[in-house]
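Structure first, commentary second.
Since we're looking at a predicted model, the values are computed, not measured. Letters A, B, ... mirror the listed sequences (proteins, then strands); counts begin at 1.
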Amino acid sequence: MQKLTPPQSESELLQRCHALTTKTLGELAYALQKELPKNLTKAKGFIGQLIESALGASANNQPEPDFPNLGIELKTLPLNAHGLPKESTYVCTAPLGIQAEMEYWQTSRVRNKLAKVLWVPIEADPNIPLNERRIGTPLLWHLDPQTEIILRQDWEELSHSLHLGQTENLSAKIGIYLQIRPKAAHSRILNRKINEDSEEIWINPKGFYLRTAFTQKILAEHYG
DNA sequence: CTATGATCATCC
DNA sequence: GGATGATCATAG
(Lines give C-alpha, C1' and ligand atoms only; values in the text may rest on other atoms or scores of the structure.)
Protein backbone atom coordinates (compact mmCIF):
# COMPACT_ATOMS: atom_id res chain seq x y z
CA MET A 1 0.00 0.00 0.00
CA GLN A 2 1.41 3.35 -1.04
CA LYS A 3 0.98 6.77 0.43
CA LEU A 4 -2.43 7.87 -0.73
CA THR A 5 -3.63 11.08 -2.21
CA PRO A 6 -6.68 12.56 -0.48
CA PRO A 7 -9.95 11.07 -1.73
CA GLN A 8 -11.61 13.33 -4.26
CA SER A 9 -15.17 12.35 -3.48
CA GLU A 10 -17.29 11.00 -0.70
CA SER A 11 -17.78 7.73 -2.52
CA GLU A 12 -14.05 7.31 -2.98
CA LEU A 13 -13.50 7.87 0.72
CA LEU A 14 -16.24 5.38 1.63
CA GLN A 15 -14.87 2.85 -0.79
CA ARG A 16 -11.44 3.08 0.80
CA CYS A 17 -12.92 2.84 4.24
CA HIS A 18 -15.09 -0.16 3.49
CA ALA A 19 -12.01 -1.92 2.15
CA LEU A 20 -10.58 -1.79 5.69
CA THR A 21 -13.57 -3.50 7.29
CA THR A 22 -12.70 -6.74 9.13
CA LYS A 23 -8.99 -6.16 8.62
CA THR A 24 -6.87 -6.37 11.72
CA LEU A 25 -4.65 -3.58 12.96
CA GLY A 26 -1.72 -5.91 12.48
CA GLU A 27 -2.56 -6.44 8.81
CA LEU A 28 -3.08 -2.75 8.21
CA ALA A 29 0.10 -1.72 9.99
CA TYR A 30 2.04 -4.26 7.95
CA ALA A 31 0.52 -3.00 4.71
CA LEU A 32 1.46 0.56 5.63
CA GLN A 33 4.89 -0.51 6.83
CA LYS A 34 4.32 0.82 10.30
CA GLU A 35 5.30 -0.94 13.46
CA LEU A 36 2.52 -1.54 15.95
CA PRO A 37 3.40 -0.37 19.45
CA LYS A 38 3.33 -2.96 22.25
CA ASN A 39 0.48 -1.10 23.86
CA LEU A 40 -1.17 2.28 23.54
CA THR A 41 0.15 3.76 26.77
CA LYS A 42 2.82 5.70 24.96
CA ALA A 43 1.11 5.74 21.59
CA LYS A 44 -2.40 6.87 22.34
CA GLY A 45 -3.06 8.32 18.92
CA PHE A 46 -1.49 5.53 16.94
CA ILE A 47 -4.64 3.86 15.69
CA GLY A 48 -6.21 7.13 14.65
CA GLN A 49 -3.13 8.05 12.68
CA LEU A 50 -2.95 4.59 11.14
CA ILE A 51 -6.48 4.92 9.81
CA GLU A 52 -5.75 8.45 8.65
CA SER A 53 -2.88 7.33 6.50
CA ALA A 54 -4.84 4.32 5.24
CA LEU A 55 -7.57 6.65 3.98
CA GLY A 56 -5.34 9.40 2.69
CA ALA A 57 -6.30 12.07 5.21
CA SER A 58 -4.16 15.14 4.93
CA ALA A 59 -1.59 14.85 7.69
CA ASN A 60 -2.18 18.31 8.96
CA ASN A 61 -2.94 19.51 12.43
CA GLN A 62 -5.26 22.30 11.45
CA PRO A 63 -8.50 22.98 13.29
CA GLU A 64 -10.30 21.72 10.19
CA PRO A 65 -12.01 18.47 9.18
CA ASP A 66 -9.61 15.74 8.11
CA PHE A 67 -10.92 15.87 4.58
CA PRO A 68 -11.37 19.61 4.04
CA ASN A 69 -12.48 19.27 0.43
CA LEU A 70 -15.27 16.93 1.50
CA GLY A 71 -16.07 18.61 4.81
CA ILE A 72 -15.70 15.28 6.56
CA GLU A 73 -14.05 14.62 9.90
CA LEU A 74 -12.57 11.20 10.62
CA LYS A 75 -12.98 9.67 14.08
CA THR A 76 -12.01 6.24 15.23
CA LEU A 77 -14.35 4.80 17.84
CA PRO A 78 -12.85 2.34 20.33
CA LEU A 79 -15.38 -0.39 21.14
CA ASN A 80 -15.48 -2.45 24.32
CA ALA A 81 -16.25 -6.17 24.54
CA HIS A 82 -19.95 -5.38 24.14
CA GLY A 83 -19.40 -3.44 20.97
CA LEU A 84 -20.07 -0.09 22.60
CA PRO A 85 -17.83 3.00 22.49
CA LYS A 86 -15.61 2.90 25.57
CA GLU A 87 -13.99 6.32 25.50
CA SER A 88 -15.11 9.86 24.98
CA THR A 89 -14.27 11.48 21.65
CA TYR A 90 -12.02 14.49 21.42
CA VAL A 91 -13.44 17.19 19.16
CA CYS A 92 -11.17 20.23 19.31
CA THR A 93 -9.45 22.57 21.69
CA ALA A 94 -11.57 25.05 23.58
CA PRO A 95 -10.49 28.64 22.95
CA LEU A 96 -9.52 30.61 26.03
CA GLY A 97 -8.49 33.78 24.29
CA ILE A 98 -10.35 36.95 23.51
CA GLN A 99 -11.46 35.55 20.16
CA ALA A 100 -13.30 32.82 22.00
CA GLU A 101 -16.15 35.10 22.84
CA MET A 102 -16.70 35.98 19.24
CA GLU A 103 -17.23 32.46 18.04
CA TYR A 104 -20.79 31.69 17.16
CA TRP A 105 -22.23 28.21 17.04
CA GLN A 106 -22.90 28.26 13.30
CA THR A 107 -19.25 28.91 12.53
CA SER A 108 -17.71 27.32 15.60
CA ARG A 109 -14.97 24.75 15.31
CA VAL A 110 -17.13 22.22 17.14
CA ARG A 111 -19.92 22.50 14.61
CA ASN A 112 -17.49 22.69 11.72
CA LYS A 113 -16.00 19.37 12.73
CA LEU A 114 -19.20 17.61 13.71
CA ALA A 115 -21.27 18.60 10.69
CA LYS A 116 -20.20 15.40 8.97
CA VAL A 117 -18.19 12.63 10.58
CA LEU A 118 -16.89 9.34 9.31
CA TRP A 119 -16.94 7.08 12.37
CA VAL A 120 -14.66 4.08 12.15
CA PRO A 121 -15.29 1.55 14.93
CA ILE A 122 -12.23 -0.34 16.16
CA GLU A 123 -12.18 -3.26 18.55
CA ALA A 124 -10.65 -2.07 21.81
CA ASP A 125 -11.35 -4.85 24.29
CA PRO A 126 -8.10 -5.07 26.27
CA ASN A 127 -8.34 -8.86 26.11
CA ILE A 128 -7.70 -8.74 22.37
CA PRO A 129 -4.04 -8.24 21.45
CA LEU A 130 -3.51 -5.01 19.59
CA ASN A 131 -2.48 -6.68 16.34
CA GLU A 132 -5.62 -8.84 16.29
CA ARG A 133 -8.13 -6.07 16.82
CA ARG A 134 -10.42 -5.59 13.87
CA ILE A 135 -11.69 -2.56 12.06
CA GLY A 136 -15.44 -2.31 11.89
CA THR A 137 -18.01 -1.05 9.42
CA PRO A 138 -17.68 2.69 8.95
CA LEU A 139 -20.58 5.05 9.43
CA LEU A 140 -20.83 8.31 7.55
CA TRP A 141 -22.94 10.44 9.82
CA HIS A 142 -24.13 14.01 9.66
CA LEU A 143 -25.50 16.33 12.26
CA ASP A 144 -29.29 16.27 12.42
CA PRO A 145 -31.48 19.15 13.69
CA GLN A 146 -32.55 17.44 16.92
CA THR A 147 -29.00 16.57 17.88
CA GLU A 148 -27.78 19.99 16.93
CA ILE A 149 -30.18 21.67 19.34
CA ILE A 150 -28.64 19.84 22.28
CA LEU A 151 -25.06 20.19 21.11
CA ARG A 152 -25.60 23.87 20.59
CA GLN A 153 -27.01 24.33 24.07
CA ASP A 154 -24.08 22.47 25.58
CA TRP A 155 -21.60 24.42 23.51
CA GLU A 156 -23.13 27.79 24.35
CA GLU A 157 -23.24 27.04 28.05
CA LEU A 158 -19.64 25.84 28.11
CA SER A 159 -18.41 28.66 25.88
CA HIS A 160 -20.12 31.16 28.14
CA SER A 161 -18.29 29.83 31.20
CA LEU A 162 -15.03 29.83 29.29
CA HIS A 163 -15.56 33.38 28.16
CA LEU A 164 -16.21 34.59 31.67
CA GLY A 165 -13.39 32.56 33.12
CA GLN A 166 -15.75 30.78 35.49
CA THR A 167 -13.46 27.88 36.28
CA GLU A 168 -15.96 26.44 38.70
CA ASN A 169 -18.33 25.90 35.77
CA LEU A 170 -15.79 24.19 33.57
CA SER A 171 -15.99 20.73 35.08
CA ALA A 172 -16.51 17.69 32.89
CA LYS A 173 -19.85 17.14 34.59
CA ILE A 174 -21.51 19.91 32.62
CA GLY A 175 -23.16 19.24 29.27
CA ILE A 176 -25.49 16.55 27.96
CA TYR A 177 -23.54 15.43 24.89
CA LEU A 178 -20.58 17.78 24.91
CA GLN A 179 -18.20 18.30 27.79
CA ILE A 180 -15.04 20.22 28.58
CA ARG A 181 -11.99 18.40 29.87
CA PRO A 182 -8.29 19.16 30.25
CA LYS A 183 -6.35 18.94 27.02
CA ALA A 184 -2.67 19.46 27.64
CA ALA A 185 0.58 17.62 28.07
CA HIS A 186 0.02 17.78 31.82
CA SER A 187 -1.77 19.75 34.48
CA ARG A 188 1.09 22.17 35.19
CA ILE A 189 0.57 23.92 31.88
CA LEU A 190 -1.40 27.07 32.54
CA ASN A 191 -2.68 29.80 30.25
CA ARG A 192 -3.32 33.35 31.39
CA LYS A 193 -6.83 34.66 31.18
CA ILE A 194 -8.76 37.68 32.41
CA ASN A 195 -12.05 36.70 34.02
CA GLU A 196 -15.34 38.56 34.23
CA ASP A 197 -14.10 40.54 37.23
CA SER A 198 -11.00 41.63 35.27
CA GLU A 199 -8.84 39.42 37.44
CA GLU A 200 -5.90 37.47 36.12
CA ILE A 201 -6.45 33.74 36.34
CA TRP A 202 -4.45 30.79 35.08
CA ILE A 203 -6.19 27.81 33.60
CA ASN A 204 -5.14 24.47 32.25
CA PRO A 205 -5.93 24.25 28.52
CA LYS A 206 -9.26 22.61 27.75
CA GLY A 207 -10.77 20.64 24.93
CA PHE A 208 -14.29 19.78 23.83
CA TYR A 209 -15.18 16.10 24.04
CA LEU A 210 -18.23 14.06 23.11
CA ARG A 211 -19.47 11.80 25.88
CA THR A 212 -19.69 8.09 25.23
CA ALA A 213 -23.46 8.36 25.67
CA PHE A 214 -23.45 10.42 22.49
CA THR A 215 -21.45 8.04 20.33
CA GLN A 216 -23.28 5.04 21.76
CA LYS A 217 -26.54 6.64 20.70
CA ILE A 218 -25.25 7.26 17.18
CA LEU A 219 -24.18 3.66 16.76
CA ALA A 220 -27.41 2.36 18.20
CA GLU A 221 -29.48 4.49 15.85
CA HIS A 222 -27.58 3.51 12.75
CA TYR A 223 -26.56 -0.06 13.40
CA GLY A 224 -29.51 -1.06 15.52
C1' DC B 1 3.41 26.62 21.78
C1' DT B 2 -0.81 24.97 19.73
C1' DA B 3 -2.82 21.97 16.95
C1' DT B 4 -3.66 17.03 15.89
C1' DG B 5 -4.29 11.83 17.18
C1' DA B 6 -6.40 9.92 21.51
C1' DT B 7 -6.15 6.62 25.96
C1' DC B 8 -4.54 6.24 30.65
C1' DA B 9 -5.19 6.14 35.57
C1' DT B 10 -7.44 7.37 39.54
C1' DC B 11 -11.41 8.42 42.17
C1' DC B 12 -15.97 7.72 43.52
C1' DG C 1 -17.37 0.05 36.19
C1' DG C 2 -17.83 4.57 34.55
C1' DA C 3 -16.66 9.29 34.53
C1' DT C 4 -13.31 12.85 35.45
C1' DG C 5 -9.09 14.72 35.32
C1' DA C 6 -4.24 13.72 33.69
C1' DT C 7 -1.18 12.46 30.35
C1' DC C 8 1.60 10.68 25.95
C1' DA C 9 3.34 11.21 21.00
C1' DT C 10 3.95 13.97 17.00
C1' DA C 11 3.63 17.77 13.41
C1' DG C 12 4.33 22.47 12.09
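- Note on residues 154-178 of chain A: pairs passing salt bridge (charged side-chain N to carboxylate O under 4.0 Å, His left out), not counting sequence neighbours, are Arg152(A)-Glu156(A).
- Nearest heavy atom pair, residue Gly56(A) against residue Leu4(A), reads CA-CB, 3.9 Å.
- Under the 3.5 Å distance criterion, with hydrogens and angles disregarded, no donor-acceptor pair is assigned to the side chains of Thr24(A) and Arg133(A).
- Remark: P of dA3(C) and CG of Leu210(A) are 14 Å apart, rounded to the nearest angstrom.
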Output one line per pair: protein atom, nucleotide atom from nucleotides 6-8 of chain B, and distance, for all N/O pairs under 3.5 Å.
{"residue": "dA6(B)", "atom": "OP1", "partner": "Thr76(A)", "partner atom": "N", "Å": "3.1"}
{"residue": "dA6(B)", "atom": "OP1", "partner": "Thr76(A)", "partner atom": "OG1", "Å": "2.8"}
{"residue": "dA6(B)", "atom": "N6", "partner": "Tyr209(A)", "partner atom": "OH", "Å": "2.8"}
{"residue": "dT7(B)", "atom": "O2", "partner": "Lys44(A)", "partner atom": "NZ", "Å": "3.1"}
{"residue": "dT7(B)", "atom": "O4", "partner": "Arg181(A)", "partner atom": "NH2", "Å": "3.4"}
{"residue": "dC8(B)", "atom": "O4'", "partner": "Lys44(A)", "partner atom": "NZ", "Å": "3.2"}
{"residue": "dC8(B)", "atom": "N4", "partner": "Glu87(A)", "partner atom": "OE1", "Å": "3.2"}

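- When rounded to the nearest whole Å, the span between CD1 of Ile189(A) and C1' of dC8(C) equals 11 Å.
- In this structure, Ile180(A) atom CD1 and dT4(C) atom C1' are separated by 13 Å, rounded to whole Å.
- Each of Ile174(A) and His186(A) was matched to the nucleotide of DNA chain C holding its nearest heavy atom; the match closer to the 5' end belongs to Ile174(A).
- If you measure from atom CG of Leu55(A) to atom P of dG5(B), you get 13 Å, rounded to the nearest angstrom.
- The CG atom of Asn191(A) sits 9 Å away from the C1' atom of dC1(B) (whole-angstrom rounding).
- We find that CD1 of Ile203(A) is positioned 16 Å from C1' of dC1(B), with the value rounded to whole Å.
- Among residues at least two apart or in separate chains, there is no salt bridge (charged side-chain N to carboxylate O under 4.0 Å, His left out) pair with a member in residues 33-42 of chain A.
- Relative to the six-membered ring of Tyr177(A), Arg211(A) misses at least one condition, a distance below 6.0 Å or an angle of at most 45° to the axis.
- Residues Lys173(A) and Ala185(A) both approach DNA chain C. Their nearest nucleotides, taken by heavy-atom distance, put Lys173(A) toward the 5′ side.
- Residue Arg211(A) places no side-chain N or O under 4.0 Å from the OP1 or OP2 atom of dG2(C).
- Ala172(A) comes within 4.0 angstrom of the backbone, heavy atoms only, and of no base.
- When all heavy atoms are compared, the tightest approach of Leu114(A) to Leu143(A) is O-CB, 3.7 Å.
- Following rounding to the nearest Å, Lys34(A) (NZ) and dT10(C) (P) show an atom-to-atom distance of 12 Å.
- The shortest distance between the side-chain N/O atoms of Thr93(A) and the OP1/OP2 oxygens of dT2(B) is not below 4.0 Å.
- His82(A) has its NE2 atom 10 Å from the C1' atom of dG1(C), to the nearest Å.
- For Lys113(A) and Glu64(A), the salt-bridge test fails: no basic side-chain N is under 4.0 Å from an acidic carboxylate O.
- Phosphate contact (OP1/OP2 of dG5(B), side-chain N/O of Lys113(A), threshold under 4.0 Å): present.
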